[in-house]
Student: 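For reference, the structure I am asking about is given below.
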Amino acid sequence: MRYFTCILFSLCVSCSDTKTNTVNNAVSNSNILSFEKSGLNSIEGAQSEKKINDIAYSIKMIAGEDIEKVYKGKLEANSMEYTNFTCFIMDIQLEDNSDIVNYPSPYFKTLNDKIQYLSFSIKDFIKVKSGTGEYNCINSTYERSYGQLPYSRFFLVFEKLPSSNITFTFNDMYFNNGIINFKI
């Protein structure tokens with residue numbers, strides 16, 4: 001009976017290790033496909049980049065019909081609904097390519113506070129000025145990569161903007177870099 005128990009235990013351990021590796025590899029490959037940065041290079045659109053201290057910011061305006069290209073057809077909702085809005089992608093990358101969640105933010109100390117801010121509150125610190133109007137971000141999505149990619153991506157949605165003279169403004173509370181303006 002002891003011999004049978006040992007064999008059963010060994011099989012369970014070896015099977016669980018195999019399954020875990022398969023799942024981890026699947027998640028890893030999925031992240032690479034979903035967040036592939038080269039997808040942005042093939043999309044036409046105004047963009048701006050800045051580097052402050054050890055943090056690089058990249059902003060790109062994308063049209064509704066190009067959203068499907070960026071996300072490689074993996075959107076659950078129809079991308080055509082975004083044609084009534086102006087969308088941006090904001091990438092933030094640390095110089096050492098680490099996950100921004102691990103950055104020692106002066107305002108957000110706990111992991112829960114950091115995730116809460118990045119997932120839900122960051123949109124309250126982003127505005128766009130276009131022509132004579134100022135527009136608040138109406139929706140944001142934080143695409144968390146769990147350290148698998150060298151950058152963190154945010155999908156940002158605004159009301160439909162006139163396409164001339166756009167200034168993207170981000171009040172960076174997370175890294176304590178203050179108000180950053182990007183001419184798009």
Student: For E159 and T86, work out which heavy atoms get closest and say how close.
Tutor: O-OG1, 3.5 Å
Student: How long is the span from the CG atom in N102 to the NZ atom in K114, to the nearest 0.5 Å?
Tutor: 6.5 Å
Student: Determine, step by step, whether F182 and F170 satisfy the ring-ring contact (aromatic ring centres under 6.0 Å, His included) criterion, reporting the C-alpha distance in whole Å, the side-chain angles of both residues, the deciding distance to 0.1 Å, and the verdict.
Tutor: CA-CA 8 Å; F182 300 87; F170 175 41; 7.7 Å; no
Student: Knowing that exactly one of M90, K183, E49 qualifies, which makes a side-chain contact (heavy atoms from CB on, under 4.5 Å) with I59?
Tutor: M90
Student: List the atom of S152, the atom of D99, and the distance in Å for their closest heavy-atom pair.
Tutor: OG-OD1, 4.1 Å
Student: Is there a side-chain contact between I138 and F85 (heavy atoms, below 4.5 Å)?
Tutor: yes
Student: What is the distance from atom CD of Q93 to atom CD1 of I55, rounded to the nearest 0.5 Å?
Tutor: 11.5 Å
Student: State, to 0.1 Å, how close Q47 and I184 come at their nearest heavy-atom pair, and which atoms those are.
Tutor: N-CG2, 4.3 Å
Student: Do N181 and K129 pass the side-chain contact (heavy atoms from CB on, under 4.5 Å) test, and can you show the C-alpha distance, the side-chain angles, and the key distance before you say yes or no?
Tutor: CA-CA 10 Å; N181 291 312; K129 294 176 187 171; 5.6 Å; no
Student: Could you tell me the separation between the CE atom of M173 and the CZ atom of F125, rounded to the nearest 0.5 Å?
Tutor: 5.0 Å
Student: Would N112 and T110 count as a side-chain hydrogen bond (donor to acceptor under 3.5 Å, both in side chains) if you check the C-alpha gap in whole Å, the side-chain angles of each, and the deciding distance to 0.1 Å?
Tutor: CA-CA 5 Å; N112 189 45; T110 68; 5.4 Å; no
Student: Apply side-chain contact (heavy atoms from CB on, under 4.5 Å) to the pair C87 and F155, showing each step before the final yes or no.
Tutor: CA-CA 7 Å; C87 302; F155 179 71; 3.8 Å; yes
Student: Do I126 and F88 have side chains that approach each other closer than 4.5 Å (heavy atoms only, starting at C-beta)?
Tutor: no
Student: Going from OH on Y57 to OG on S48, what distance comes out if it is rounded to the nearest 0.5 angstrom?
Tutor: 12.5 Å
Student: If you apply the rule side-chain contact (heavy atoms from CB on, under 4.5 Å), what do you find for V101 with L118, and how did you get there?
Tutor: CA-CA 9 Å; V101 172; L118 295 169; 4.0 Å; yes
Student: Between D91 and R153, does the side-chain contact (heavy atoms from CB on, under 4.5 Å) criterion hold? Intermediate values first, please.
Tutor: CA-CA 4 Å; D91 289 346; R153 178 164 288 166; 2.8 Å; yes
Student: Side-chain contact, heavy-atom cut-off 4.5 Å: L94 with F175?
Tutor: yes
Student: Is the closest side-chain heavy-atom distance between D96 and D54 below 4.5 Å?
Tutor: no
Student: With rounding to the nearest 0.5 angstrom, report the CE to CD1 distance, M61 to I89.
Tutor: 12.5 Å
Student: May I ask you to decide if the ring planes of Y117 and Y174 are parallel, tilted or perpendicular, using 30° and 60° as cut-offs?
Tutor: parallel
Student: Just verifying a value: how many Å separate S119 OG and R144 CZ, rounded to the nearest 0.5 Å?
Tutor: 7.5 Å
Student: Same cluster or not: are I92 and I179 linked, directly or through other Ile, Leu, Val, Met, Phe, Trp or Tyr residues, by side-chain heavy atoms under 4.5 angstrom apart?
Tutor: no
Student: Measure up the F154 and Y142 rings against each other and bin them: parallel (under 30°), tilted (30 to 60°), perpendicular (over 60°).
Tutor: parallel
Student: Kindly work out whether a path of hydrophobic side-chain contacts (I/L/V/M/F/W/Y, heavy atoms less than 4.5 Å apart) joins L156 to F120.
Tutor: no
